[in-house]
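The structure under discussion is supplied below as structure tokens; questions concerning it will follow.
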Protein chains: 2
Amino acid sequence: MLEHSVQTPPIAQQSPLAVGDARASAAGSVAAGSSLAVSTVIFALRPDDESGLKTLWLPLVRRTRDPHRDLWALPGGWLPADEELAAAAARTLRETTELSPRYLEQLYTFGDIDRSPGLRVVSVVYWALVRSEVAERASVGENVRWFAADQLPPLAFDHNRIVEYALWRLRTKVEYARIAHAFLGDTFTLAQLREVHEAVLQKALDPANFRRSMESSGTLISTDQHVAGARHRPARLYRYDGRASEHDPPGPTL
Amino acid sequence: MLEHSVQTPPIAQQSPLAVGDARASAAGSVAAGSSLAVSTVIFALRPDDESGLKTLWLPLVRRTRDPHRDLWALPGGWLPADEELAAAAARTLRETTELSPRYLEQLYTFGDIDRSPGLRVVSVVYWALVRSEVAERASVGENVRWFAADQLPPLAFDHNRIVEYALWRLRTKVEYARIAHAFLGDTFTLAQLREVHEAVLQKALDPANFRRSMESSGTLISTDQHVAGARHRPARLYRYDGRASEHDPPGPTL
DNA sequence: TCAAAAGTGTTTGTCCTACACCCATGT
DNA sequence: ACATGGGTGTAGGACAAACACTTTTGA
């Protein structure tokens, strides 16, 4: 960590996570002096404090040094030379939330010259989905806090814009790709899956049509189990079919 | 910032543009030792030598040094600290083809640890569309050559994989976004536009349905001009409506 | 007047939406 | 019994594919 005191801080925060390999001596960069960071937009579903309806939340970390000291920022840090991009994203996610990503995909690379005062920083940004229940009891310290995704305060750097783009990506992708299950446990009812879609898309869905849509997608495996206890007909439990493609094929994406 | 003045000067790329992913002698970077490059997959439409049908072509540059000396690679180079990502992509495109991109979009960032022997290189890759006619008389030197996109030789680094992904992206995006006009001049007939779609998608399209599809997209402006000279009814010329969104909204994308 | 492509009309099938309705359970 | 959500059936509209047909030109 000491080495860092000599240079401009990473795009996000350092504290526990940040740098993995701080051997950055006084060396110069091979390229032309741009620093490479990896940040992650982490989505979870949590009931709103008042309405009780589930909404999107994400964890942010407080910056402890300039620039943008005390502002909230996306979790992230410099890219260690010996770590894959997605691995770095998963690691900062874990270090921030003590969770593992159920879905992780590269979002975009932000590299505007003036996005970070002073030093040119290029950030490869990932977005991730984590399980709701687990996220509720996730660590929340002085420097880590969960925020409602559509009620964010002004963030450090261009992070507001990044979150907005990630939100758009999540919402459009939920409509055609089978990723909603990442918010849920291994088994779930169609009503739970529908609740996820409704929360993400912010609109009500017809249960009957939603069922058919999911059934015809070929990504759900019906189990024999049912959920009893409610004062109505028990709902069947389903499991996600990992073999089915998540629809994006011949490319990266994870 | 002081630390930066001590840095090794940019290596960028030498000669014309040789380097696809370039490399360097010195070591160590500000972050943790990763070098940042920008490469571009440039698509143009050219008639196949034999069939005469239009197909996708792209320009590659020959590497003049190790690793992968003499292999063909995507145009690109190190990212200068004072240049925007998209600007760097447009510049290497211009330096390679003497053309301006009619469409330019970030594709993906490739950063596998072992994608370049020896040095960790992270490449932000863009894809671009350029006009067909112009592309035909584009510069072709000893170290720059155009290849049919689906008949590429083994390329340097992971560039075969990158091109494959860019091809997939182009093909899927042509189906829902209005980008095909980027291959054409300012005005064009529906038959020409359809020819572009057919070349990209590699399948015949019904002229009647294609017409309706385009007309209802709201991105075409009908002119009063017609193309005479052919031995059949003259076709109306259309112009692309720049005001119409290209469908991708709230995010980067250009 | 004929070939060929521009451009229009129409049918057919598919998918999505809306909504009526039955099923199974806890209270 | 009955309220509640699980689950099924079905009619109607939007849209796309397929293809017949008319229009306009050059030769």
Side-chain angles (χ1 to χ4, degrees), chain A residues 47 52-54 171-178 180-181 184-185 187-239 247, chain B residues 47 52-54 171-178 180-181 184-185 187-239 247:
Chain A
L53 295 173
K54 294 213 170 167
R171 289 185 167 131
T172 56
K173 188 148 191 176
V174 157
E175 292 193 297
Y176 70 88
R178 314 306 170 180
H181 63 89
L184 300 171
T187 59
F188 45 85
T189 66
L190 283 173
Q192 290 173 324
L193 189 60
R194 179 164 48 85
E195 187 184 24
V196 172
H197 280 248
E198 290 178 335
V200 170
L201 299 177
Q202 296 181 301
K203 68 174 179 184
L205 299 174
D206 184 307
N209 296 332
F210 181 80
R211 159 183 301 276
R212 271 184 291 261
S213 162
M214 288 301 118
E215 281 173 343
S216 69
S217 76
T219 56
L220 291 187
I221 300 175
S222 157
T223 73
D224 293 345
Q225 301 170 318
H226 294 258
V227 175
R231 62 182 177 294
H232 57 75
R233 178 170 170 177
R236 180 182 292 272
L237 281 172
Y238 290 83
R239 179 184 310 280
H247 187 338
Chain B
L53 294 173
K54 294 213 170 166
R171 290 187 166 129
T172 56
K173 189 149 191 176
V174 158
E175 292 193 298
Y176 70 88
R178 313 307 170 179
H181 62 90
L184 300 171
T187 59
F188 46 84
T189 66
L190 283 173
Q192 290 173 323
L193 189 59
R194 177 164 48 86
E195 187 185 22
V196 172
H197 280 249
E198 290 178 336
V200 170
L201 300 177
Q202 296 180 301
K203 66 175 179 183
L205 299 174
D206 183 306
N209 296 331
F210 181 80
R211 160 182 301 276
R212 272 184 290 262
S213 164
M214 288 300 120
E215 281 173 342
S216 68
S217 76
T219 56
L220 292 186
I221 300 176
S222 158
T223 72
D224 293 346
Q225 302 171 317
H226 294 260
V227 174
R231 63 181 178 293
H232 57 76
R233 177 171 173 175
R236 179 183 292 273
L237 282 173
Y238 290 83
R239 179 185 308 283
H247 187 338

Suppose we screen for side chain to side chain donor-acceptor pair (under 3.5 Å). Which residues come up paired with A:R233, at least two apart in sequence or across chains?
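Side chain to side chain donor-acceptor pair (under 3.5 Å) check on A:R233 returns nothing, list empty.
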Which value, rounded to the nearest 0.5 Å, describes the distance between B:Q225 atom CD and B:R239 atom CZ?
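If I round to the nearest 0.5 Å, the distance is 7.0 Å.
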Salt bridge (Lys or Arg N to Asp or Glu O under 4.0 Å) contacts in which one or both residues fall within residues 192-201 of chain A, not counting sequence neighbours
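Pairs touching residues 192-201 of chain A that pass the test: A:R194-A:E198.
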Can you sort out which residues in residues 206-214 of chain A have a heavy atom within less than 4.0 Å of DNA chain D? Ascending by number, please.
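Those residues are A:A208, A:R211, A:R212.
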Quick one: CZ on A:R171 to NZ on A:K203, what's the gap to the nearest 0.5 Å?
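A:R171 CZ to A:K203 NZ: 11.5 Å, rounded to 0.5 Å.
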5' priority, DNA chain C, between B:T189 and B:R231 [closest heavy atom]
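The residue whose closest nucleotide sits nearer the 5' end is B:R231.
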For A:S222, side chain to side chain donor-acceptor pair (under 3.5 Å) partners two or more places apart:
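Listed in chain order: A:R236.
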How would you give the extent of chain B contacts on DNA chain C, as first and last nucleotide 5' to 3' within a 4.0 Å heavy-atom cut-off?
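Extent of the interface on DNA chain C: C:dA3 to C:dT10.
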Starting at the 5' end of DNA chain D, which residue's closest nucleotide do you reach first, B:S216 or A:R236?
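Counting from the 5' end, the first nearest nucleotide belongs to A:R236.
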Along DNA chain D, first and last positions that approach a heavy atom of chain B under 4.0 Å:
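The footprint of chain B covers D:dA17 to D:dG26.
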So, applying side chain to side chain contact (heavy atoms under 4.5 Å, CB included) with A:Y238, which one of A:I221, A:L193, A:L190, A:T219 is it?
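It is A:L190; the other options fail the test.
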Pairs in or reaching into residues 207-225 of chain A: which pass salt bridge (Lys or Arg N to Asp or Glu O under 4.0 Å), with residues at least two apart or in two chains?
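The answer is A:R211-A:E215.
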Axis-to-axis angle between the two ends of the helix from C:dT1-D:dA27 to C:dT27-D:dA1 (five base pairs per end, rounded to 10 degrees)
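Here the helix ends are tilted 10° relative to one another.
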Who pairs with A:T223 by side chain to side chain donor-acceptor pair (under 3.5 Å), at least two apart in sequence or on another chain?
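Once residues adjacent in sequence are excluded, A:T223 has no partner under the side chain to side chain donor-acceptor pair (under 3.5 Å) criterion.
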For DNA chain C, determine which residues of residues 191-204 of chain A have any heavy atom closer than 4.0 angstrom to one of its atoms, and list them numerically.
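None - not one residue of the stretch has a heavy atom sitting under 4.0 Å from the strand.
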Does any part of the side chain of A:L220, heavy atoms only, come nearer than 4.5 Å to the side chain of A:F188, both counted from C-beta?
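Sidechains of A:L220 and A:F188: in contact.
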Of A:R233 and B:A228, whose closest DNA chain D nucleotide lies nearer the 5' terminus?
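With B:A228 and A:R233 compared, the 5'-side residue is A:R233.
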Quick one: which residue pairs count as a ring-ring contact (aromatic ring centres under 6.0 Å, His included) with a foot in residues 199-235 of chain A, not counting sequence neighbours?
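For residues 199-235 of chain A, and leaving out neighbouring residues, the ring-ring contact (aromatic ring centres under 6.0 Å, His included) pairs sorted by first residue read A:H197-A:F210.
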For A:A235, what residues pass the side chain to side chain contact (heavy atoms under 4.5 Å, CB included) criterion, not counting sequence neighbours?
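In terms of side chain to side chain contact (heavy atoms under 4.5 Å, CB included), with neighbours along the sequence ignored, A:A235 is linked to A:T189.
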